[in-house]
Amino acid sequence: MFKKIGPGILIASAFIGPGTITACTLAGVGFGYALLWAMLLSILATMVLQEMTARLGVISQKGLAHNIKQQLKVRWLRVFVLTIILGAILVGNAAYEAGNIGGATLGLVALFGESYSNYYPFLVGFLASVLLLIGSYRILEKVFMGLIFLMSISFLITAILTKPDVLEVLRGLFIPSFPRDSVLTIIALVGTTVVPYNLFLHASLVNEKWKSKDNLKAARVDTMVSISIGGIVSMAIVIAATAIPSKEITGALDLAKGLEPLFGNTARYFMGIGLFAAGITSSITAPLAAAYVANSCFGWNVGLKDWKFRLVWLTILIIGVFSLSFKIKPIQIIQFAQIANGMLLPVIAILLVWIVNKKNVMGKYKNTFLQNVIGFLIVSLSIFLGLKSIFKVLGIL
């Protein structure tokens, strides 16, 4: 079974980053089990989009950015779209990398205390850079399998410790509700799960592992199983957060602190391990995705060990460590990243559905009618979320 697990596990660990943990924590603390349905919806949407990108990667043996570049024949439109992609992925991932490294740092603080906290960002950056410098997809895959196993066990045990009401959990999962002031939290839950850069990362990674159309079934199974695991972990965080009596929760470490009075150091340590695993996986996948996008957009067509490829991910990693270590808060850059990502998700979702319907790219593996209907609904959702996130940043909402 483990031999069949592939890029999907990297995608699952990529969307369970510090941002997702924070959003799930706030959802659980603020609304109990009531928003679990939003998490389930976002997981299903992620499965559909990631299956399309995995299928595109296996059949075409090219990344998503490369296919977009090839299929957009109008020069000005191609340049415009690639500029948006580069801006959102490169600048966006650089802006958020500090948060990814910060998540792993918070995990180390929960485990080992604050005595050496100033050195933790450098340690996380060093570990991430070593794994990326090795330049082996298979090694990355095995490391991520271990990390997501740690993450899954940690958050699931934390959720079980809270002794959740099973009937209330099921009601929250399958009966949609919109408690007062919950709209932005719902947007955050979906927005941190359906991640634009994962679409680029997945299409590029599948052809690192699978070289034949015969492997399409394995790629699909890998996607469904891995995204399901990611969804269960996210839901476990929401469930664990409902047990916190205090409403003064602002982030992921507060979840560990909030559970400590109820369950002692056990919950704190499990949360620490989960936070570290979530932070370091996102610290690796965000720079890796940026490097793959640059590779396709600039037409380098190079491998993991090429100096240009390494220069991109190393730059983003250094920006993350530097920003966190020197307490720099590049709020304007982050706001630009949020606007760019708000624009990027619907644009990429539309382009993805368009490309996987092209017979000259996909042959007999193009989308079915049902896949197109579901794809249309997800595109509509992505447009709504994109507009909401842009309006929020601009202060219109």
Side-chain angles (χ1 to χ4, degrees), residues 8 12-13 15-48 148-195 224-264 266-275 277-278 381 385:
S13 55
F15 75 70
I16 312 172
T20 301
I21 295 172
T22 300
C24 291
T25 299
L26 294 174
V29 170
F31 307 101
Y33 307 124
L35 299 185
L36 282 172
W37 66 269
M39 199 70 245
L40 180 61
L41 175 68
S42 62
I43 291 300
L44 294 174
T46 302
M47 279 183 178
V48 172
I148 205 164
F149 175 77
L150 270 179
M151 201 190 307
S152 305
I153 295 298
S154 300
F155 289 130
L156 285 171
I157 289 175
T158 306
I160 291 166
L161 284 172
T162 66
K163 298 179 181 176
D165 184 325
V166 177
L167 286 177
E168 287 298 315
V169 169
L170 291 173
R171 188 177 288 112
L173 267 175
F174 299 111
I175 303 176
S177 62
F178 297 85
R180 188 178 176 184
D181 299 326
S182 65
V183 174
L184 289 180
T185 306
I186 292 169
I187 291 170
L189 287 174
V190 180
T192 57
T193 308
V194 188
V195 184
M224 300 304 167
V225 170
S226 300
I227 302 300
S228 298
I229 292 170
I232 290 167
V233 172
S234 298
M235 290 175 193
I237 298 166
V238 176
I239 291 167
T242 61
I244 301 174
S246 170
K247 300 297 179 186
E248 295 178 6
I249 302 294
T250 58
L253 189 58
D254 291 335
L255 175 56
K257 289 177 179 175
L259 290 170
E260 197 169 2
L262 297 174
F263 308 108
T266 308
R268 182 181 177 88
Y269 288 134
F270 278 122
M271 273 299 302
I273 292 168
L275 263 174
L381 175 66
L385 291 174

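Atoms considered below: every heavy atom in the structure, side chains included; atoms not considered: hydrogens, waters and symmetry mates. Since the structure is predicted, the reported quantities are computational estimates derived from the model, not experimental observations. The chain is numbered in sequence order, starting from 1.
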> Closest heavy-atom contact between Ile239 and Pro164?
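Ile239 and Pro164 have their closest heavy atoms at CG2-CB, 3.5 Å.
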> What residues form a side chain to side chain contact (heavy atoms under 4.5 Å, CB included) with Ile232, not counting sequence neighbours?
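Applying side chain to side chain contact (heavy atoms under 4.5 Å, CB included) to Ile232 gives Leu156.
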> If only atom types and distance count, is the side chain of Thr20 paired as donor or acceptor with the main-chain N or O of Phe15 below 3.5 Å?
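Yes, the answer is positive, given that a donor and an acceptor are paired below the 3.5 Å cut-off.
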> What heavy-atom pair brings Ala241 and Cys24 nearest, and what distance separates the two atoms?
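Looking at all heavy atoms of both residues, the shortest contact is CB-O, 4.3 Å.
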> When rounded to the nearest 0.5 angstrom, what distance separates CD1 in Ile227 from OG1 in Thr193?
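The OG1 atom of Thr193 is 9.5 Å from CD1 of Ile227, to the nearest 0.5 Å.
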> Go through the steps to decide whether Arg171 and Ser177 satisfy the test side chain to side chain contact (heavy atoms under 4.5 Å, CB included), and finish with yes or no.
CA-CA 10 Å; Arg171 188 177 288 112; Ser177 62; over 6 Å; no
> If I take atom CD1 from residue Ile273 and atom CD1 from residue Ile157, how far apart are they, to the nearest 0.5 angstrom?
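Rounded to the nearest 0.5 Å, the CD1-CD1 separation comes out at 8.5 Å.
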> Please name the pair of heavy atoms, one in Val190 and one in Ala38, separated by the smallest distance, quoted to 0.1 Å.
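Looks like CG2-O, 4.1 Å.
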> Sort out for me which residue in Val194, Leu35, Leu40, Leu36 forms a side chain to side chain contact (heavy atoms under 4.5 Å, CB included) with Leu189.
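Option passing the side chain to side chain contact (heavy atoms under 4.5 Å, CB included) with Leu189: Leu35.
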> Which distance, rounded to the nearest 0.5 Å, do you find between the CG of Leu44 and the OG of Ser228?
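Here the interatomic distance stands at 8.5 Å.
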> What residues, two or more places apart in sequence or in another chain, satisfy side chain to side chain contact (heavy atoms under 4.5 Å, CB included) together with Ala188?
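Listed in chain order: Ala23.
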> Tell me every residue that passes side chain to side chain donor-acceptor pair (under 3.5 Å) with Ser226, counting only those two or more places apart in sequence or in another chain.
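Partners of Ser226 under the side chain to side chain donor-acceptor pair (under 3.5 Å) test: Asp222.
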> Which atom pair, heavy atoms only, marks the closest approach of Glu168 to Tyr33?
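For Glu168 and Tyr33, the tightest heavy-atom pair comes out as CB-CD1, 3.5 Å.
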> Do you know which two heavy atoms are closest between Ile43 and Gly231, and how far apart they sit?
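Minimum heavy-atom separation between Ile43 and Gly231: CD1-CA, 3.3 Å.
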> Any heavy-atom pair between the side chains of Thr242 and Phe31 that's under 4.5 Å?
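Not in contact.
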> Atom CD1 in Ile148, atom CD1 in Ile16: separation rounded to 0.5 Å?
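Going from CD1 on Ile148 over to CD1 on Ile16, the span is 4.5 Å.
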> Closest heavy-atom contact between Ala159 and Ala236?
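That closest heavy-atom pairing would be CB-O, 3.4 Å.
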> I'd like to check Leu173 versus Met39 (side-chain heavy atoms, cut-off strictly below 4.5 Å). Are they in contact?
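Not in contact.
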